[in-house]
Amino acid sequence: MQNCRPPLTDPAQIIAINGIVQGVGFRPFVFRLAERYKLRGRVANNHSGVYIHIEGPMDKIDAFVDDISSLSPPLAQIDGIKRSAVVSRDFKTFEITKSDSAGKRATLISPDIAACDDCVLDIRSADNRRYRYPFTNCTNCGPRYTIVEDLPYDRSNTSMRAFTMCPACDNEYNHVYDRRFHAQPNACAQCGPRVSLYDHQGLLVKTETSLQAAVKLLKQGCIVAVKGIGGFHLAANAELDDTILRLRQLKNRPDKPFAVMSKTLVHIQQYANFRPLEKKGLLSRQRPIMLLLKKKPFPLSALIAPGNKFIGCMLPYTPLHDLLFDESLKTLVMTSGNLSGEPIAVGNEEAFGALAHIAEYFLIHDRNIVTRNDDSVVLVTAGKNRLIRRSRGYVPAPIYLKNQIPPILACGPEQKNTVCLTKQNLAFLSQHLGNVNNLKTYAVYKETVMHLQRVLGIEPEVIAYDTHPDYLTSAYALENTDVSRKIAIQHHHAHVVSCMVENQVEGPVIGVALDGTGYGSDGAVWGGEVMIAQYDGFERIGHLDYVAMPGSGVAVKEPWRMAASWLWKIYGENLFDLNLPLFDSLPAKKIELLGEMIKKKINSPLTSSMGRLFDSVAAIVGIRFKASFEGQAAVELESTAQNAASDINDLYDYGLEYKSLYTILIEPMIRAIVQDVTDGVGINVICAKFHNTIIHLVVDLCDSIRKTHGLNRVVLSGGVFQNRILLQGLLRQLEICSFQTYSHTLVPTNDGGISLGQAVIAASLVK
Ligand code: ZN
Ligand code: ZN
Ligand code: FE
């Protein structure tokens with residue numbers, strides 16, 4: 001009888017890997033691993049990530065797969081590995097094959113990553129062919145999200161398409177053992193993007209070295225618009241008062257702090273304090289702006305962050321930024337290149353149009369920025385990094401959900417907007433889009449939604465939006481004709497749920513939402529809310545006592561209005577007998593007129609906002625009557641409290657009144673503050689006592705709810721929790737009282753996190 005056994009072949013398997021595995025050096029890593037184990041087959045990118053056809057002895061394949069997860073490249077993030085047996089194709093070698101553009105897109109795009117140490121070394125070494133080349137990058141670093149037009153992540157789908165690699169770059173790109181193997185933005189001075197310097201009239205400055213010329217101009221005190229990775233910055237020498245003052249005047253930004261960039265950590269150390277966690281943040285590959293405590297004396301211009309104990313600092317995150325410094329220029333103000341309230345400029349023409357009246361010079365380059373992306377901002381409070389603005393370096397990495405949810409588009413709120421798109425157990429928050437209350441930002445908003453849907457391959461089945469009837473973002477949701485299922489979501493419910501989601505907590509919980517403005521279910525302006533929250537609903541259980549908000553939106557810009565509103569409510573006509581700084585700074589007539597407005601209910605909605613309570617107190621004690629940026633009074637109130645001695649534990653009286661829900665009575669506190677001001681108690685002390693009071697009244701209310709509802713978990717959300725004293729103090733007090741607490745770290749506690757909450761609430765409502 002003939003032997004009909006097939007010839008012996010090695011087993012073969014397909015290994016499919018998803019996560020952030022493209023554009024991060026994954027295929028060469030797989031290649032090297034296969035060579036090490038003497039396995040055969042091929043590796044390629046596809047729309048769901050990376051797939052490998054592997055052939056060889058099974059024990060070696062097992063070891064190979066183990067190594068894939070444990071040794072993957074620094075920027076890679078593996079979310080899943082699936083193995084299946086296939087028929088051997090008798091490969092003789094292992095190879096890397098071209099991308100396959102068919103199939104559904106499920107792969108993840110890497111965020112933009114700061115220049116790695118190797119690349120920085122390249123640009124600083126005089127004998128390196130990339131010496132001083134501002135667009136140096138490799139597989140471990142460089143632009144990603146901001147240059148991607150479509151998937152898969154190949155050079156032809158990025159704005160690097162315009163540049164053809166020179167033979168030397170091409171060689172690196174095709175050499176599997178090279179650090180630049182398949183680095184899509186690979187470039188050098190011969191073949192890649194170039195910088196050039198223009199004056200504000202658009203005339204080219206003839207110079208051999210645009211960068212060195214720009215450094216010289218900065219040193220002399222010029223304002224230079226610099227095109228970076230996600231948009232333009234306005235750069236200015238941080239030591240020159242005149243320059244910073246001019247920048248403030250021209251940008252029409254009297255007080256709002258500017259961020260600075262310093263050449264190295266050593267330079268930051270000269271003007272700011274940082275603890276180990278903050279140092280780690282500064283050096284992280286995301287390179288956010290870290291909010292650090294200023295040193296005293298402060299050697300940079302006092303005009304950078306007036307009235308603020310903190311300064312936003314970052315380190316250079318591209319070679320171009322690294323080259324903006326030299327031996328005598330160490331720190332630059334680097335503020336977003338935009339007009340107040342408008343999106344950051346990205347195009348060269350756009351920048352000249354928007355910034356020519358501010359910047360004397362423009363350092364531009366010829367690589368297109370596909371997606372605008374502002375700098376991210378991180379604050380460390382209570383021993384944790386907390387993202388205040390989640391953008392460059394973080395977006396579009398997903399937030400992981402506990403459960404699978406349908407594809408949803410959440411439109412976000414109006415202020416500090418981000419949108420959120422979901423797919424399976426992933427939630428993708430967009431970059432920071434700012435205040436969507438003008439047509440320019442709205443246009444960028446619409447562009448971003450479409451771009452994100454395309455590159456993430458998400459076709460939403462449900463749209464979630466804020467209940468506020470006047471938001472452009474709500475109008476966008478309602479005008480959308482592609483999706484029929486639309487769900488309106490209350491602002492503070494979305495706040496609380498966004499915090500539950502990032503902490504992977506399910507309800508019911510006690511949700512504490514303290515913020516500036518959100519549309520309430522009763523039509524009032526909410527913002528001091530305590531609720532029993534679950535994903536699919538909430539019950540409002542307590543709030544700050546209502547008070548009129550005369551002038552509505554104007555009251556946000558003019559804290560004196562909120563102060564006067566409380567004083568009218570408590571003292572009536574007798575308010576003019578009080579001895580408060582308010583009356584020295586404002587004509588009695590104005591305060592009288594405001595009283596009329598409130599009485600006649602003209603444009604004076606009721607509010608329970610905690611942000612507005614901060615405004616009231618700031619104006620009563622005389623810290624600030626008019627604000628030039630959002631939250632200014634609250635920031636100054638916090639800074640003032642920080643000046644007080646640390647042993648002030650006193651608090652003011654307040655009341656808790658229960659009818660159908662709890663009302664937190666503020667009147668006793670306002671009366672006591674007025675008395676303290678009259679008695680000449682130091683404002684540092686008053687501000688510290690005010691913070692103590694807010695902490696205690698929240699704990700008090702949570703305690704009452706625990707007794708009636710048996711709930712022990714407290715979730716904190718809302719912009720007011722950017723306040724360090726409050727967040728730290730409240731977490732501590734709640735924990736002393738044996739509550740389990742949850743606060744934000746991954747998404748902003750302010751309105752930048754709202755879209756995540758909206759998406760998850762919508763998902764639970766359609767279930
Ligand atoms: Zn690199
Ligand atoms: Zn080249
Ligand atoms: Fe809010």
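Atoms within a ligand are numbered from 1 in the order they appear, just like the ligands themselves. What you see is a predicted model; the values in this text were computed from it and never measured.
Taking both residues in full, the closest heavy atoms of T441 and P343 are given as OG1-CD, 3.8 Å, listed atom of the first, atom of the second, then distance.
Vertex the Fe ion (ligand 3); arms to H491 atom NE2 and H495 atom NE2; angle 100° (nearest 10°). Take the Zn ion (ligand 2) as the corner point: the lines to SG of C191 and to SG of C166 open at 120°, to the nearest 10 degrees. Vertex the Zn ion (ligand 2); arms to C188 SG and C169 SG; angle rounded to 10 degrees, 100°. Expressed to the nearest 10°, the angle at the Zn ion (ligand 1) joining SG in C141 with SG in C138 is 120°. Considering the Zn ion (ligand 1) as centre, the angle to SG of C116 and to SG of C119 is 110° (10° rounding).
Remark: R144 is not positioned above the aromatic ring of Y153, lacking an NZ or CZ atom under 6.0 angstrom from the ring centre and at most 45 degrees off the axis.
Looking only at N/O/S atoms, D751 comes nearest to the Fe ion (ligand 3) through OD1. Its N, O or S atom nearest to the Fe ion (ligand 3) is what matters here, and for D515 that atom is OD2.
Under the 4.5 Å side-chain criterion, counting only non-hydrogen atoms from C-beta, I113 is in contact with L75. Side chains of M531 and I541 form no contact here, defined as non-hydrogen atoms less than 4.5 Å apart. Using a 4.5 Å heavy-atom cutoff, the side chains of F614 and F690 are in contact.
Each of R179, R129, R130 was evaluated against D122; a single residue qualifies, R179, per the salt bridge (charged side-chain N to carboxylate O under 4.0 Å, His left out) test.
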